[in-house]
Amino acid sequence: MSEGQRFLLLAVLIGLFAGLAVVCFHVAIEFLSWRTLGAAAGASRLGALLSPALGGLVAAFLALRVFPAAAGSGVNQTKEAIYISDGYLPFSGVIGKFLACSLSIGAGNPMGPEDPSLQMGAGIASLLGRLFRLPRANMRLIAAVGAAAGLAAAFNTPIAAVLFVIEEVLAGWRAGVLGSIVLASVSAAVVVRWFLGDEPLFRVPAFQLTHPSELLVYAGIGVIGGVLSALFVKWVGALRDALGRWPRWTRYLQPGAAGLLVGCAGLWLPAVMGAGYDSIDAALHNHFAWPTLLALGVVKMALVLICFSAGTPGGMFAPTLFIGAMIGGGIGGLARLQWPSRISSPDAYVLVGMGTFFAGVFRAPMTSIFMVFEATASYVIILPVMIANMVAYLISLALQRAPFFSLVARHEGVVLPSLEEQREQPVRRVEDAMQPAPVPVVLAREPLASAMEAIRSRGLDRCLVAKGDGVWSSLRREDLEVALGGGDGSRTVEQALPLAILPRLYPDLTLDAALEMMGPHAILPVASRAHPEQLMGTLTLEDVHRAYGIGGQG
């Protein structure tokens, strides 16, 4: 098998194994939740109060002492494998993540299983890559393939998983690995649907846009979601800094204390405990009044802020969806009472709000839109979702410059790339560096003597040669002098000299792409895309240096 075929086969295997691992992960969480908070626990108030604290303590001990590779949410650990450790993720991190997060989430802590599933998939991929003896270049990308598989299995959303890995984990589009990421995501989703069913994550009632002015309410949800998400990221950074100054031994107790707060809140609002999928589904069917929805969203945001900052094992995906859904539903219910025209019921606003907090916190707007679409299997609400999510993203971007995972990474002492930061960097293109074309250009059918006169008159040491139909070559003055010294000056340039065809540049090409094409060539032609035979300018290595400020004074 070729290297490419092996990599694609490995992507399918990664999807299968990651899917099986995530199925077991979901079953373990559901079983522990049933034992600690459900019918098997007898609905004990004392059990509901103490369960998150005990689960947080045991999970923190496992993550900090027994399986240190399982610390963190999982996304940054996967990015570190790609950009720092050549794709290596210890398999102990997979085991530790499974055990610690099952205990933490199953005991009622308000975290999610998606980020841990992402790291578990990446760890499985890293192990299989080592077993397959992949070369270094492929090992660096194999963690991203596994991350997509793990996330697709956790959410049953293969498209959103691919987009998130591209937007956040890889921090850029890479065509060479895209096919493998898609294959792994699809394989994992197939496994999950085989064992857990192919129903969407949430059952969505019928939706219809009641009045065009209702779009203003959806935009308002985006504004509030964007403001709250920006504040949430700021508060996470501040609280993590504050808790980080406490004595080191308190790191083992902080998740327990945070869990005790969760238990106290759970006695009043049980829906804030655990991942919260059932509560989101209930909100989608109008089981909560709008004041309750707002209370759930605010309390959940406070608890997640405390638990994540305290180091409680678990992910952030499900909590952000929960917070956005409850805040959106609460705003929709309030607007229904005050809006001058008739608008939709609150369940529509639950659905639209679901992705706004996610988009604002993680700065992954495309992922949030497709995640809502795939998790609900509903396309009719896509326009309000797009409006609300993009507004939330832009508001959060304006209020909080550092993306969530970049902020957390820097707090942990590493600097990891972010697609958002790359989007803000200016892209230099050929048109920013090229020089106007020398006029006239030497023609391939021009006599040697005439060509030499044209070069001498402008004091050039080389020039371009037009061969017709947009084909160009270059000509050095010394080569022309040698040809003139050894024969008749009436011969044409193409008869006397071998003319190698040059790559052709276009003004919109990036300078990085132009440098790859330049290779051994000292000068390249820049042509119009509409009229390739029309020379617009030339590009040399000195032009590129000048555009990048290389070799300048000061």
Side-chain angles (χ1 to χ4, degrees), residues 79-80 82-84 86 136-137 140-141 144 166-178 363-364 397-398 401-403 405-407 409-410 413-439 441-442 455 458-466 470-479 500-554:
K79 293 177 71 172
E80 288 179 32
I82 296 171
Y83 293 102
I84 298 176
D86 292 335
R136 182 180 181 183
R140 284 180 169 176
L141 298 175
I166 291 170
E167 282 192 293
E168 182 57 45
V169 178
L170 280 179
W173 290 86
R174 301 190 185 184
V177 75
L178 181 59
R363 307 285 176 78
L397 180 62
R401 303 304 298 175
F405 288 117
S406 295
L407 183 145
R410 288 166 188 163
V414 295
V415 179
L416 297 171
S418 164
L419 181 60
E420 178 178 302
E421 294 171 348
Q422 294 181 21
R423 282 194 293 255
E424 295 182 2
Q425 295 175 353
V427 178
R428 290 181 173 86
R429 303 188 183 277
V430 170
E431 61 189 1
D432 300 322
M434 71 182 194
Q435 296 295 312
V439 180
V441 174
V442 172
I455 292 178
R458 294 190 301 276
L460 301 174
D461 62 352
R462 69 172 60 245
C463 68
L464 291 178
V465 180
V471 179
W472 304 88
S473 296
S474 66
L475 178 63
R476 296 192 305 170
R477 178 173 176 169
E478 56 203 64
D479 293 335
I501 298 176
L502 295 176
R504 188 169 57 208
L505 303 177
Y506 300 101
D508 60 287
L509 283 179
T510 64
L511 285 183
D512 289 345
L515 279 172
E516 290 183 6
M517 298 172 66
M518 187 165 283
H521 308 293
I523 187 170
L524 289 182
V526 182
S528 167
R529 288 192 182 273
H531 305 284
E533 72 284 353
Q534 177 185 344
L535 184 66
M536 300 183 66
T538 59
L539 186 72
T540 64
L541 189 59
E542 291 76 14
D543 297 330
V544 177
H545 286 174
R546 184 177 61 256
Y548 282 112
I550 299 173
Q553 297 297 321

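Of the listed residues (Leu509, Leu524, Asp508), just one forms a side-chain contact (heavy atoms from CB on, under 4.5 Å) with Val430, and that residue is Leu509.
In terms of modelled atom types and a separation under 3.5 Å, the side chain of Ser473 and the main chain of Ala500 share a donor-acceptor contact.
One distance of note links CZ of Phe405 with CZ of Arg410; it measures 14.0 Å at 0.5 Å rounding. Atoms CZ and CG, from Arg140 and Asp86 in turn, are 4.5 Å apart once rounded to the nearest 0.5 Å. Interatomic distance, OG1 of Thr510 versus CD of Glu516, reported as 8.0 Å (0.5 Å rounding). Between atom CG of residue Asp512 and atom CZ of residue Arg429 there is a gap of 10.5 Å, rounded to the nearest 0.5 Å.
In terms of the side chain to side chain donor-acceptor pair (under 3.5 Å) criterion, residue partners of Arg476 (sequence neighbours excluded) are, by chain and number, Glu478, Asp479.
Side-chain contact check for Leu511 versus Asp432: every heavy-atom pair is 4.5 Å or farther apart. Taking the side chain as every heavy atom from C-beta outward, Leu539 and Met518 approach each other to under 4.5 Å. For the pair His521 and Pro503, the minimum side-chain heavy-atom distance is below 4.5 Å.
Note on Asp543 versus Arg546: salt bridge recorded, some NZ/NE/NH1/NH2 to OD/OE distance being below 4.0 Å. Ion pairing between a basic and an acidic side chain is recognised when a charged N comes within 4.0 Å of a carboxylate O; Lys79 and Glu168 show such pairing.
Of all heavy-atom pairs between Pro525 and Leu535, the closest is CB-CD1, 3.6 Å. The minimum heavy-atom distance linking Met536 with Pro507 is given by the pair SD-CG, 3.8 Å. When every heavy atom of Ile523 is checked against every heavy atom of Ser474, the shortest pair comes out as CG2-CB, 4.0 Å. Taking every heavy atom of both residues into account, Tyr506 and Ala527 meet most closely at CD2-O, 3.3 Å. Closest heavy-atom contact between Ala402 and Arg363: O-NH2, 3.9 Å. Nearest heavy atoms, Arg428 versus Ala547: NE-O, 3.2 Å.
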